[in-house]
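Below: one structure, written as structure tokens.
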Protein chains: 2
Amino acid sequence: MSEQGYRGPQVCKIVGITYRQLDYWARTDLLKPSISDARGSGTQRIYSYTDLLKLKVIKQLLDSGLSLKKARVALDVLSQYGEDPGSANLVMAGNQPVLVRSQDEIVDLVQRGQGVLSLVLPLSGVVKELNAAILEFAPPVDVEGEGEGSADAAPDDNATTDILKAGTGG
Amino acid sequence: MSEQGYRGPQVCKIVGITYRQLDYWARTDLLKPSISDARGSGTQRIYSYTDLLKLKVIKQLLDSGLSLKKARVALDVLSQYGEDPGSANLVMAGNQPVLVRSQDEIVDLVQRGQGVLSLVLPLSGVVKELNAAILEFAPPVDVEGEGEGSADAAPDDNATTDILKAGTGG
DNA sequence: CTGTGTGACTACACGCGCGTAGTTACGCGC
DNA sequence: GCGCGTAACTACGCGCGTGTAGTCACACAG
């Protein structure tokens, strides 16, 4: 099973953040690359598709005005429940993050009174934007071999590996 | 019609913020006291009940992890719709603040897809906490005379003006 | 194996949002 | 009107999160 990964600068284009942010987040343990971390100058950080998703979520949180501190808390939930976030909503109720499947649960949280929801983020939208950005900016990079059976690694498009070098030059 | 006001340090206790924050927010035009602004050393900032409400909202936003920049945007809506916020929810949908009356509208905003709600804050809870804090920490201060017909100025309790000096002593 | 590009590393600096300390001058009781 | 408390003012500094510039060293092509 070959894992596919993305290098730092590519990640920045896909997610829409600066390299400085990606670097800072990796150094401060907000999100380290799960495939391959940096081991000195010249090495490369290799991020997985799941990493991209988390990074995109972080960017959404920042764009929504949330602090990085809260983003760290929110990420914990994504790491725990980590499977198929496509149909869930990331909700922060009273500084505690939860994954909510149905919209009705959100109403429950609001009606329960005291709860201040500091975030209601539909992950399906994040996934859509992410896949579109991947196809637009850069394809993944094989790091251990060649195989195309992994549905977890990339959006459904297998012709993308051809423009690999085009991505590096740009 | 006598307006009732609260001085800086009292406001800090009621709202639950530091004086430095109140000072900074007044200087940077986040929220200036609507009754009487500062005019040099020794003068006093006199805040109205509505000011307290807005300050409490700001504190909730900060506690929820929102940045001051977003708080400024959110406050604009409170100033515009400024009447009877007790039964409304302050919602920020895609960096644009709106006042939502029914819970169903929130579901609409979520279902409409792309919308990231960076905040869902039930103002009724804020009002409750504020009134409780006022009665606990400090009563209002008359600045222009005496009258008790104004339901907009304070929670329903008229014996509070007696402990005025107790509040000043700290 | 060598050269080159590129991505990680380092140092420095900035703005925001406050904490802390000391100063100034008004409000209020007397 | 006078003194005293108190609240606003001023100056300085910090930590976070990031921008910018330059250096270093691995990865990959040749």
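Note that the structure is a prediction, hence the values are computed from the model and not measured. In the text below, chain A, chain B and the rest are named by the order of the sequence lines, each starting its count at 1. These values consider heavy atoms only, across backbone and side chains, with no hydrogens, waters or symmetry-generated copies.
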Quiz prompt | Side-chain heavy-atom pair B:L55, B:W25 within 4.5 angstrom cut-off | solution =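 Sidechains of B:W25 and B:L55: in contact.
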Quiz item: Would you say the side chain of A:R7 lies within less than 4.5 Å of the side chain of A:R45, judging by non-hydrogen atoms?
Solution: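 A side-chain contact is absent here, since even the closest heavy-atom pair is not under 4.5 Å.
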So which nucleotide from [options] ends up closest to the side chain of [X]?
X	options	answer
B:Q44	D:dA7, C:dC26, C:dC18	D:dA7
B:Q21	D:dG19, C:dG19, D:dA8	C:dG19
B:Y24	C:dC18, D:dC9, D:dA7	C:dC18
A:R7	C:dG7, D:dT18, D:dA7	C:dG7

To the nearest Å, how far apart are [X] [atom1] and [N] [atom2]?
X	N	atom1	atom2	result
B:R39	D:dA7	CZ	P	19 Å
B:R45	C:dC26	CZ	C1'	14 Å
A:K59	D:dG17	NZ	P	17 Å
B:I17	C:dG19	CD1	C1'	14 Å
A:D23	C:dT6	CG	P	18 Å
A:I58	D:dG17	CD1	C1'	13 Å

Quiz item: Among residues 62-69 of chain B, which residues get a heavy atom nearer than 4.0 Å to DNA chain D?
Solution: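 Correct list: empty, so none.
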Practice problem: Please check if any side-chain donor atom of A:D51 sits under 3.5 Å from a side-chain acceptor atom of A:S48, or the reverse. | Solution: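 Short answer, yes.
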Quiz prompt | Opposite nucleotide pairing with C:dC30, Watson-Crick or G-U, both atom distances under 3.5 Å | solution =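 The answer is D:dG1, by the H-bond criterion.
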Test salt bridge (Lys or Arg N to Asp or Glu O under 4.0 Å) applied to [X] - qualifying residues, sequence neighbours left out:
X	answer
B:K32	B:D29, B:D37
A:K70	none
B:R39	none

Within the pair [X] and [N], is there a side-chain N or O less than 4.0 Å away from OP1 or OP2?
X	N	result
B:R27	D:dC9	yes
B:W25	C:dG17	no
B:Y19	D:dA8	yes
B:T18	C:dG19	yes

Quiz prompt | Rounded distance [0.5 Å steps], CG in B:L123 versus CG in B:L90 | solution =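 Spacing of CG (B:L123) from CG (B:L90) equals 5.5 Å.
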Quiz item: Thinking salt bridges, do B:D23 and B:R27 make one under a 4.0 Å N-O criterion?
Solution: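 Salt bridge present between B:D23 and B:R27.
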Quiz item: Salt bridge between B:D76 and B:R72, side-chain N to carboxylate O under 4.0 Å?
Solution: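 No, B:D76 and B:R72 are not salt-bridged.
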Self-check item: Which residues share a side chain to side chain contact (heavy atoms under 4.5 Å, CB included) with B:Q96, sequence neighbours left out
Solution: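 Scan of B:Q96 (side chain to side chain contact (heavy atoms under 4.5 Å, CB included), adjacent residues dropped) gives none.
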Self-check item: Residue whose closest nucleotide on DNA chain C lies nearer the 5' end, B:G42 versus A:G42
Solution: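 Closest to the 5' end, via its nearest nucleotide, is A:G42.
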Close N/O contacts between protein and nucleotides 20-22 of chain C (under 3.5 Å):
unit_1, atom_1, unit_2, atom_2, d
C:dT20, O4, B:R20, NE, 2.9

